[in-house]
Amino acid sequence: KVLMTAGPTVEKIDSVRVITNQSSGKTGTLLASELISAGAKVTLIYGPGTSEPPKGAKIIRVNSVDEMNKAVKESLKKKFDIAIMTAAASDYVVKNATSSKIKSDKKEINVKLVRAPKIIDIVKNKQKNIFLVGFKAETDISKKELVTRAKKKLKESKAELIIANDIGRKYNKNSDYNEIIIVDSKGTTTIPRTKKERLSKIICKNIEKRI
């Protein structure tokens with residue numbers, strides 16, 4: 001039984017304006033599909049991504065990081081073997097959001113952002129023995145620095161695996177391709193730039209190998 005998060009989250013500024021990110025949810029939906037093919041029962045907590053979620057998964061639709069957080073907590077009341085956090089959940093939420101539309105005649109508006117809770121950090125508190133996989137996305141940094149930050153996340157979240165990637169200039173040219181570094185307590189494995197479909201198979205195999 002696998003619990004997954006995927007896609008972006010959307011944080012409201014007012015009744016019409018939002019802050020979000022450009023995640024398509026493709027990596028998460030492809031990986032979910034791969035896991036279903038391998039015989040897993042997948043529950044996918046899915047933000048408003050553009051990628052179609054796979055048939056055969058239980059889909060829980062969410063919009064905000066708060067909704068995603070609550071859905072993960074609620075789902076973890078049931079037993080899962082694996083949790084995979086692929087979602088690009090918002091790091092910050094709007095503190096001074098308003099339920100009505102801010103008038104467009106203002107010269108400027110000030111939007112105050114506050115840090116959102118890290119969803120991955122609650123997983124091991126709820127289920128100590130779950131096999132936890134996290135994702136770490138950075139932009140335009142050295143491979144060494146990417147690995148350092150992934151190791152930090154591995155330790156902080158008590159995860160078994162972190163999939164690290166750089167979503168900077170090279171990635172943005174063609175987001176159907178990616179290069180990843182698989183980080184665990186024993187070391188790192190670099191998977192050269194390849195199609196996301198193939199990467200999802202490689203990630204799935206790496207999880208299978210370790211459990």
Closest non-hydrogen contact found for V62 with A71 is CG1-CB, 4.1 Å
Is the count of non-hydrogen atoms from other residues, nucleotides or ligands lying under 6.0 Å from K1 atom NZ greater than 12?
-> no
(Q) For a 4.5 angstrom cut-off between non-hydrogen side-chain atoms, does I102 reach R17? (A) yes
* Could you walk me through whether K126 and E74 pass the salt bridge (charged side-chain N to carboxylate O under 4.0 Å, His left out) check? -> CA-CA 10 Å; K126 298 285 179 190; E74 190 58 35; over 6 Å; no
Are more than 12 heavy atoms, taken from residues, nucleotides or ligands other than K124, located less than 6.0 Å from that residue's NZ atom?
yes
For G28 and A6, the nearest pair of non-hydrogen atoms, with its separation, is CA-CB, 3.9 Å
Any donor-acceptor pair under 3.5 Å linking the side chain of R149 with the backbone of A164? no
Quiz item: Do E179 and T190 have side-chain heavy atoms sitting under 4.5 Å apart?
Solution: yes
Does the side chain of S64 come within less than 4.5 Å of V93's, by heavy atoms? no
Minimal heavy-atom distance between V114 and K95, with the atoms involved, is CG1-CD, 3.7 Å
Check your understanding: If we only count heavy atoms from C-beta on, is the N63 to M68 side-chain gap below 4.5 Å?
Key -> no
Would you check if I191 and I181 make a side-chain contact, meaning some heavy-atom pair closer than 4.5 Å? no
| message | Is any side-chain heavy atom of S200 closer than 4.5 Å to one of K26? | response | no
Here the gap from K196 atom NZ to T194 atom OG1, rounded to the nearest 0.5 Å, amounts to 12.0 Å
Distance-only donor-acceptor pairs under 3.5 Å for side chains of residues 54-61, two or more places apart:
none

May I have the step-by-step check of side-chain contact (heavy atoms from CB on, under 4.5 Å) for I182 and I180, ending in yes or no?
CA-CA 6 Å; I182 300 169; I180 60 169; 4.1 Å; yes
S24 and S51 side chains, donor-acceptor separation under 3.5 Å | no
Using side-chain heavy atoms (C-beta onward) and a distance below 4.5 Å, is L31 in contact with M4? yes
Margin query: Closer than 4.0 angstrom, basic N to acidic O: yes or no for D91 and K118?
Written below: yes
Donor-acceptor check, side chain of D121 to backbone of P117, threshold 3.5 angstrom: yes or no? no
Any donor-acceptor N/O pair, N206 side chain to I202 backbone, under 3.5 Å = yes
By salt bridge (charged side-chain N to carboxylate O under 4.0 Å, His left out), K12 pairs with (sequence neighbours left out) none
dist I163:CD1 -> I207:CD1 (nearest 0.5 Å) comes out at 6.5 Å
Here the gap from L146 atom CG to D140 atom CG, rounded to the nearest 0.5 Å, amounts to 11.0 Å
Check your understanding: Under the 3.5 angstrom rule, does the side chain of K153 hit a backbone N or O of F135 as a donor-acceptor pair?
Key -> yes
Rounded to the nearest 0.5 angstrom, the CD1-CZ distance for I203 and R198 is 11.5 Å
* Could you go through the side-chain contact (heavy atoms from CB on, under 4.5 Å) check for D166 and E138 one step at a time? => CA-CA 5 Å; D166 188 325; E138 295 287 355; 5.6 Å; no
**Report entry** Between K78 and T43, a side-chain donor and acceptor under 3.5 Å
**Finding:** no
Hey, are the side chains of S99 and D14 touching, using non-hydrogen atoms and a 4.5 Å cut-off?
no
Sorted by chain and residue number, the side-chain hydrogen bond (donor to acceptor under 3.5 Å, both in side chains) partners of N21 (sequence neighbours excluded) come out as none
Report task. Let me see the working for I45 and L3 under side-chain contact (heavy atoms from CB on, under 4.5 Å), right down to the final yes or no. Result -> CA-CA 8 Å; I45 298 169; L3 178 67; 3.8 Å; yes
Shared hydrophobic cluster, V65 / L113 (ILVMFWY, side-chain heavy atoms < 4.5 Å): no
Distance only, no hydrogens: is a donor on one side chain within 3.5 Å (strictly under) of an acceptor on the other, for E11 and S90? yes
* Asked: Does a salt bridge link D184 with R210, judged by any charged N lying under 4.0 Å from a carboxylate O?
  -> yes
Check: Do L35 and C204 pass the side-chain contact (heavy atoms from CB on, under 4.5 Å) test, and can you show the C-alpha distance, the side-chain angles, and the key distance before you say yes or no?
Finding: CA-CA 7 Å; L35 286 157; C204 189; 3.8 Å; yes
Heavy-atom closest pair (F80 atom, V2 atom, distance to 0.1 Å) is CD2-C, 3.5 Å
Heavy atoms of P53 and T29 approach each other most closely as CA-CG2, 3.8 Å
side-chain hydrogen bond (donor to acceptor under 3.5 Å, both in side chains) between K151 and T188: does it pass, once the steps are laid out? CA-CA 9 Å; K151 282 180 177 172; T188 64; over 6 Å; no
d(I130 CD1, D81 CG) to nearest 0.5 Å is 7.5 Å
Heavy atoms of N110 and N96 approach each other most closely as O-ND2, 2.9 Å
Taken to the nearest 0.5 Å, the spacing of T5 OG1 from Y46 OH works out to 11.5 Å
